[in-house]
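First comes the structure, then the notes that go with it.
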2 protein chains.
Amino acid sequence: MNVISTKNKEDKVNTITEMCKLFQVSARTLRFYESKELLFPIRRGQHRLFTKSDRGRMKLIMQGKRFGFSLEEIRQLLNLYNFGDHRTRQIKQTYQLGLKRLSSMEQQKKELGLAIKDLKTQLQLCKDLLLKRGADAQDL
Amino acid sequence: MNVISTKNKEDKVNTITEMCKLFQVSARTLRFYESKELLFPIRRGQHRLFTKSDRGRMKLIMQGKRFGFSLEEIRQLLNLYNFGDHRTRQIKQTYQLGLKRLSSMEQQKKELGLAIKDLKTQLQLCKDLLLKRGADAQDL
DNA sequence: ATTTAACTTTACGTAAACGTCAAGAAATAT
DNA sequence: ATATTTCTTGACGTTTACGTAAAGTTAAAT
């Protein structure tokens with residue numbers, strides 16, 4: 001790798017099928033996300049090429065989905081990771097939204113902790129009943 | 001409250017509008033949940049009356065939704081909280097499902113923790129940029 | 001050069017989770 | 001007794017998040 005070459009991992013681009021494998025989603029899904037402005041693949045001719053930025057965004061999208069956020073909610077926050085190229089006014093708004101999202105996620109984590117505790121209790125009760133009914137402790 | 005009266009908070013039933021207020025959902029939602037067998041309100045004539053059991057189930061439904069589970073996923077687990085009236089075979093299955101759900105929720109909590117960390121970092125970067133651009137620290 | 005594989009757009013279809021009338025029955029208030 | 005409110009059952013509509021099939025285009029392989 002010489003000085004002239006600016007190529008590095010950051011510059012690596014992926015075809016749509018590569019992205020599908022990377023994130024375990026369909027091509028339809030990726031095109032859909034592009035249409036909804038969650039991804040911005042560049043074009044070589046007609047074909048899409050997904051950049052490092054898209055990969056980062058996809059990671060966040062999957063994360064957001066996991067936590068039950070809608071694509072629209074996710075989209076609004078994605079700008080938080082690209083704030084370089086936005087107006088200060090815009091960034092401020094996104095920042096505020098980010099703070100709200102953060103507190104929402106912290107709240108959710110708390111509730112999740114409680115729900116887990118409840119579920120554990122309930123599972124124990126269930127287990128006790130099964131044992132009392134003569135279940136084999138082995139398969140529990 | 002005398003000895004003969006068996007009435008207590010457990011016996012309290014709610015009309016559909018009371019339930020709506022209690023859980024901040026529409027009547028349509030409650031009827032929909034009944035149609036999907038997540039709730040089992042008793043009937044006084046044609047009208048629905050929601051029991052303590054339904055209230056408990058609703059709490060779990062709301063919780064499940066918050067964490068991104070589908071109604072069908074939620075329905076399957078609800079039996080975990082009514083296992084008294086089921087066959088041992090059934091309970092065993094529900095118990096197994098509960099264990100899986102538990103580990104899924106614990107995993108989610110972990111990921112949520114990481115996502116929160118990431119978001120905090122990103123928010124800090126964002127804040128720095130805003131301050132460097134001369135934003136008033138007051139409104140951040 | 002031609003087959004093949006990967007990709008494209010367009011467009012209709014679908015499942016989940018309700019919303020929103022419409023029309024009638026039942027309970028409550030006056 | 002009658003008006004009003006609350007509730008009921010359909011039944012069609014809507015949004016989200018894609019699936020899927022059709023028909024054409026581009027790139028890669030032979």
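Within every chain, numbering begins at 1; the chains are lettered A, B, ... in the order of the sequence lines, protein sequences first and strands thereafter. Here the structure is a predicted model, which is why all the values come from computation and not from measurement.
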(message) Let's test your reading of the model: under 3.5 Å, does the base of dT20(D) pair with the side chain of R28(A) as donor and acceptor?
(response) yes

(message) Can you measure L30(B) atom CG to dG19(C) atom P for me and round it to whole angstrom units?
(response) 10 Å

(request) For R66(B) and S104(A), work out which heavy atoms get closest and say how close. (result) NH2-O, 3.4 Å

(request) Give the nucleotide from the list dC7(D), dT26(D), dA6(C) with an atom nearest to the side chain of I16(B). (result) dC7(D)

(message) Please report the distance, rounded to the nearest Å, between CE in M19(B) and C1' in dC7(D).
(response) 15 Å

(request) May I have the distance from L38(B) (atom CG) to dA17(C) (atom P), rounded to whole angstrom? (result) 9 Å

(request) Return the value, rounded to whole Å, for the distance between atom NZ of K36(B) and atom C1' of dA16(C). (result) 8 Å

(message) Counting only side-chain nitrogens and oxygens, does T17(A) get under 4.0 Å of the OP1 or OP2 atom of dC7(C)?
(response) yes

(request) Hey, which sits more toward the 5' end of DNA chain D by its nearest nucleotide, R43(B) or E72(A)? (result) R43(B)

(message) Looking only at the side chain of S70(B) (C-beta and beyond, no hydrogens), which of the listed nucleotides dC7(C), dT9(C), dA17(C) gets closest?
(response) dA17(C)

(request) Calculate the interatomic distance between E34(A) atom CD and dT10(C) atom C1'; express it in whole Å. (result) 15 Å

(request) May I ask you to evaluate whether T29(B) reaches the phosphate of dG19(C), defined as a side-chain N or O under 4.0 Å from OP1 or OP2? (result) yes

(request) Could you tell me whether R57(B) and E34(B) make a salt bridge, using a distance below 4.0 angstrom between a side-chain N and a carboxylate O? (result) no

(message) On the nucleotide dC18(C), are OP1 or OP2 found under 4.0 Å from the side-chain N or O atoms that K65(B) carries?
(response) yes

(message) I want to verify a distance call: between dC18(C), dC7(C), dT9(D), whose nearest atom is closest to the L71(B) side chain?
(response) dC18(C)

(request) Would you kindly give the CZ-to-P distance between F32(A) and dG13(C), to the nearest whole Å? (result) 18 Å

(message) Show the nearest heavy-atom pair for residues I42(A) and V13(A), with the distance to one decimal.
(response) CD1-CG1, 4.4 Å

(request) For side-chain hydrogen bond (donor to acceptor under 3.5 Å, both in side chains), just list the numbers for D118(B) and Q122(B), CA-CA rounded to whole Å, side-chain angles, deciding distance to a tenth of an Å, and then say yes or no. (result) CA-CA 6 Å; D118(B) 282 9; Q122(B) 210 54 228; over 6 Å; no

(request) May I have the distance from Q46(B) (atom CD) to dA27(C) (atom P), rounded to whole angstrom? (result) 9 Å

(request) Check whether any side-chain nitrogen or oxygen of Y33(B) sits under 4.0 Å from OP1 or OP2 of dA17(C), and answer yes or no. (result) no

(request) Tell me what R48(B) touches on the nucleic acid: a base, only sugar-phosphate, or nothing, going by heavy atoms under 4.0 Å. (result) sugar-phosphate

(request) Starting from C1' on dC18(D), measure out to CZ on F23(A) and report it in whole angstrom. (result) 18 Å

(message) With a 4.0 Å limit, can you tell me whether S26(A) has a side-chain N or O closer than that to the phosphate oxygens OP1/OP2 of dC18(D)?
(response) no

(request) Using a strict cut-off of less than 4.0 Å between a Lys/Arg side-chain nitrogen and an Asp/Glu carboxylate oxygen, indicate whether E37(A) and R75(A) qualify as a salt bridge. (result) no

